[in-house]
Amino acid sequence: MQVIIRDDILQSVEKPARYTGGELNSVIKDPEKVDIHFAFCFPDVYEVGMSHLGMRILYGLLNERDDTYCERVFAPWTDMEAKMRENKIPLFSLETRSPVSGFDIVGFTLQYEMSYTNILNMLDLAGIPLKSSDRQEGMPFVCAGGPCAYNPEPLADFVDFFMLGEGEEIINEVMDVYRQWKKDGAPREDFLGRIVKIEGIYVPAFYEPEYNDDGTLKAVRPLDDSYPARIRKRIIKDLDSVYFPEKAIVPYINIVHDRVMLELFRGCTRGCRFCQAGYIYRPVRERSPERLTELAKKLQESTGYEEISLTSLSTSDYSGLPELTSELIKEMEPKKVNLALPSLRIDSFSLDLMEKVQKVRKSGLTFAPEAGTQRLRDIINKGVTEEDLLNSVSMAFRGGWNGVKLYFMIGLPYETPDDVEGIARLGKMVVEEYYRIPKAERGRGLEVTISTSSFVPKPFTPFQWEAQDSIETLREKQKFLKDKIRDKHLKYNWHDPELSMLEAVFARGDRRVGKVLARAWELGCRFDSWGEHFRFDAWIQAFDDCGLDPAFYANRERGTEEIFPWDHIDVGVTKKHLLRERQKAQRGEVTPNCMTSCVGCGAAVFGRGICVDRNGGADCSGICTEQAGQSGMDAGRTNRPDASDGGNISE
Amino acid sequence: MQDAQTGLMLLTGGISVSNMRIRFIRGEAVKFISHLDLMKVFERAIRRSGLPISYSKGFNPHPHIIFGLPLAVGMTSECEHADLELDEEIKPEELVHMLNASLPEGIRVTGAAVNHSRKNIMATICRADYILEVYTEEAIPWEKAAGALKAILGSESVIVDRETRGKDGRTAVRETEIRPLIIDADIERIMTPPPGYEGFGSAFLIKTALKAGSVANLNPGLLVKALENQWGAVAAAVRMHRKAVYTDNGKGMADPMDTASLS
């Protein structure tokens, strides 16, 4: 049955095309002719969700199946939500405008913690009980995946099952089981009993947490011996043969990333110690330039997009970059199609490349030194020196760029006032670098923006044991830095520490914080990452009402023996390696890039990726891991990672 | 507007060899996208189709397309027009086929013709015909509903409040004279409203011809406003459809696809 939304409702809300679908390349099937209806939900607005590559991949992949129809669902903006509640319109899918409550499986992608209230709100709008334990026979199964699923516990009460890791294979396996289960007419719980056997599936209801008297976790135990004690994430071993959509939906309205997105590789070789993405996506696996060129052609032809973006965590680390870019330029230039190159290190190669491909104003270059002093950059293993940065900005200024954004974090572990002041000093040096260049050779109207975010300790990083600075301390540091930044060319932006504190709670939270989440939603919290909707007072009340202290989760340093809510999740990288990295951080020692040598992080267990491929093939991975681990420790003391590193750029 | 200049560029050495006018439908699926978004839809469809469109010179090349009278967000139409400049000659049927193969759901090209006129579509539109569905919460007696329209057509002056948005984003209300812009209008009852619209007190269908174009233009919403004022009731929902537009390039009113408009 279709949901009817009258024109007067759509006309009364902002950007009605968020809710009307029908875009080019959206998939139309006869709903009557498929066995499985999958609602792919992105817990944010259309423009944000449609910019997410993972959703596009899984949407295409599920719809390749004749037995499955995957439709898209986004969080209605607050104006639309009000209209929907007023007119009793349930949450609906874009493709067929069907109520989400009628789908077989409702899947959420977890991209950031502060989207969690939107998940509850969407379930409520759909008329699906929030708690898994309240869902009856015939109701949809709610599943989730994505980077935040690596600590699934805060959402354990609401999600029937999690899919851990890369989804291309596991989601097909789950669909196969679902179809059989539906055919068998078996009871609801039986389905979960069947899929728990698939590697990468976590069914939270099958596990029970136990706590110590001090509130820390004692264990998360499977309720039955047949359930895996640890759940290992899934990876795709070969990116060239795995599915990648050759058609992409072209939205009618502007979205955040409105272009063809080409994924160069997964993982990151760099090992910055604050960066969760750098650990959870290991090992690094590349797509070949040939495959990427082929995909670029097909995607450009099927979308008509005027821009292609090369995406990865660090584009400069892609081994086939020169080959790929020269091929793409040759192919796309006559068609008036641009290349966008985010996450590129600045060196002579990349500047030359940008000169060739980017027909945009030379205004904004972004660098991310992350910390203000070499001491702290070594602690976080950010392989950038002052010299690298200044060389890069100098090159950029000579190349005609006049605006530089510098990204830093404050509140990093072991940070001193001098490190904070170092941010201001570095900003000043960038300005001085500009004036060192003769007037005729530099762009006019210098603008340097310093932005600081507040450090959030994340699971599966060497800093997962660390305390986050309190909101007061973060504020003091911001004020301290603001006073040190005295130059008319320097602008300073900072993030609200309240949001970072909540992010820290839900990043490392246990199953109990789910209650806070539900309470905050009851109190009206949603779209928390959108400044205009963030209500810190309501969140504090939610913690009070649930009798939980946010500081216990955000601001407490964990003991090295402490059991974490995510310890029963296996991402390949071992806790032992992370602890070793933490100790090196405390000593200010750096760890080399995976490209240089393997440090034995544990990700080689998957039997693929550059760590294994470059060390003689998959069969020796087990042994290599241990040996490389030791040599890596040694290498760390003497080597600095690739010295040409100089930060990131974006348009 | 830039559009007016494009013709000029053509005379001063542009390479385009053919100027084509197309007519297209904008259906339900695309009624909530803006004029700007529609332009992008066409740009991308043209790129997909491989049509030999001419591009502007310069750093950021733009395809040469000029659209007729922008359609308000929320409206459907069966008479949208655009003028395209091409680098190669192409048969009208082939142009229609190529575009339709590439355009998304909701946009269908229904005709194409070579345009010999130097005036672009936007500059020559003079009239537009609309079909409006108007729904009110309260029941309005038929005599009152029809009488109101008669009164409007019978008076010399009809003033309505029009909301305008200034450069600073603030809205202001301005009194606007609309009577000279109404060419004709007719009202009837809707007996079977479409799904979702059954619950209203009254449902009327209004067929109207209004002045349109860059010289004098009336948004049909303002005619509804004039009716609301007469009825003393607000329209809770309005659905609008553009039925036809007419051009005048000095030789009298004509269909934009007629030889009179294209020569």
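All chains are named by letter (A, B, ...) in the order of the sequence lines, taking the proteins before the strands, and each is independently numbered beginning at 1.
Within the 4.5 angstrom heavy-atom criterion, only backbone atoms of Ala236(B) (N, CA, C, O) approach chain A. Contacts between Ser102(B) and chain A at a heavy-atom distance below 4.5 Å involve the backbone alone (N, CA, C, O). For chain A, the nearby part of Val238(B) is the backbone; its heavy atoms alone come within less than 4.5 Å. Using a 4.5 Å cut-off between heavy atoms, Glu301(A) contacts chain B through its backbone alone, with no side-chain atom that close. The contact between Leu24(A) and chain B is made by backbone and side chain atoms together, counting heavy-atom distances below 4.5 Å. Looking at Asp258(A), both its backbone and its side chain come within 4.5 Å of chain B, counting heavy atoms on both sides. Proximity to chain A (any heavy atom under 4.5 Å) is shown, for Tyr135(B), by neither the backbone nor the side chain. Contacts between Ser302(A) and chain B at a heavy-atom distance below 4.5 Å involve the backbone alone (N, CA, C, O). Looking at Lys335(A), the atoms closer than 4.5 Å to chain B (heavy atoms on both sides) all sit in the backbone: N, CA, C or O. For Ser12(A), no part sits under 4.5 Å from any heavy atom of chain B, backbone or side chain.
Heavy-atom contacts from other residues, nucleotides or ligands closer than 6.0 Å to CG of Asp66(A) number 12 or fewer. Residue His97(B) places its NE2 atom among 12 or fewer non-hydrogen atoms of other residues, nucleotides or ligands, all under 6.0 Å distant. Heavy-atom neighbours of Lys207(B) NZ from other residues, nucleotides or ligands within 6.0 Å: at or below the threshold of 12. For Glu163(B), the CD atom is loosely surrounded, since the number of other residues' heavy atoms within 6.0 Å does not exceed 12. Within 6.0 Å of atom CD in Glu89(B), 12 or fewer heavy atoms from other residues, nucleotides or ligands are found, so the atom counts as exposed in its surroundings. At most 12 heavy atoms of other shown residues, nucleotides or ligands fall within 6.0 angstrom of atom NZ in Lys91(B). Applying the 6.0 Å contact sphere to CD of Glu447(A) captures no more than 12 heavy atoms from other residues, nucleotides or ligands.
The choice from Ala45(B), Ser34(B), Pro104(B), Ala29(B) that makes the most heavy-atom pairs within less than 4.5 Å of chain A is Pro104(B). When each of Val337(A), Ile253(A), Thr20(A) is checked for heavy-atom pairs under 4.5 Å with chain B, Ile253(A) comes out on top.
Counting only heavy atoms from C-beta outward, the side chains of Arg239(B) and Arg6(A) never approach each other to under 4.5 Å. Side-chain contact check for Asp7(A) versus Tyr197(B): some heavy-atom pair is nearer than 4.5 Å. Looking at Gln11(A) and Phe32(B), their side chains come closer than 4.5 Å, going by heavy atoms from C-beta outward.
Checked by atom type and distance alone, the side chain of Arg44(B) never pairs as donor or acceptor with a backbone atom of Tyr305(A) at under 3.5 Å.
Of the inter-residue distances, the one linking Lys40(B) atom NZ with Glu306(A) atom CD reads 7.0 Å to the nearest 0.5 angstrom.
Taking every heavy atom of both residues into account, Gly196(B) and Ile4(A) meet most closely at CA-CG2, 3.8 Å.
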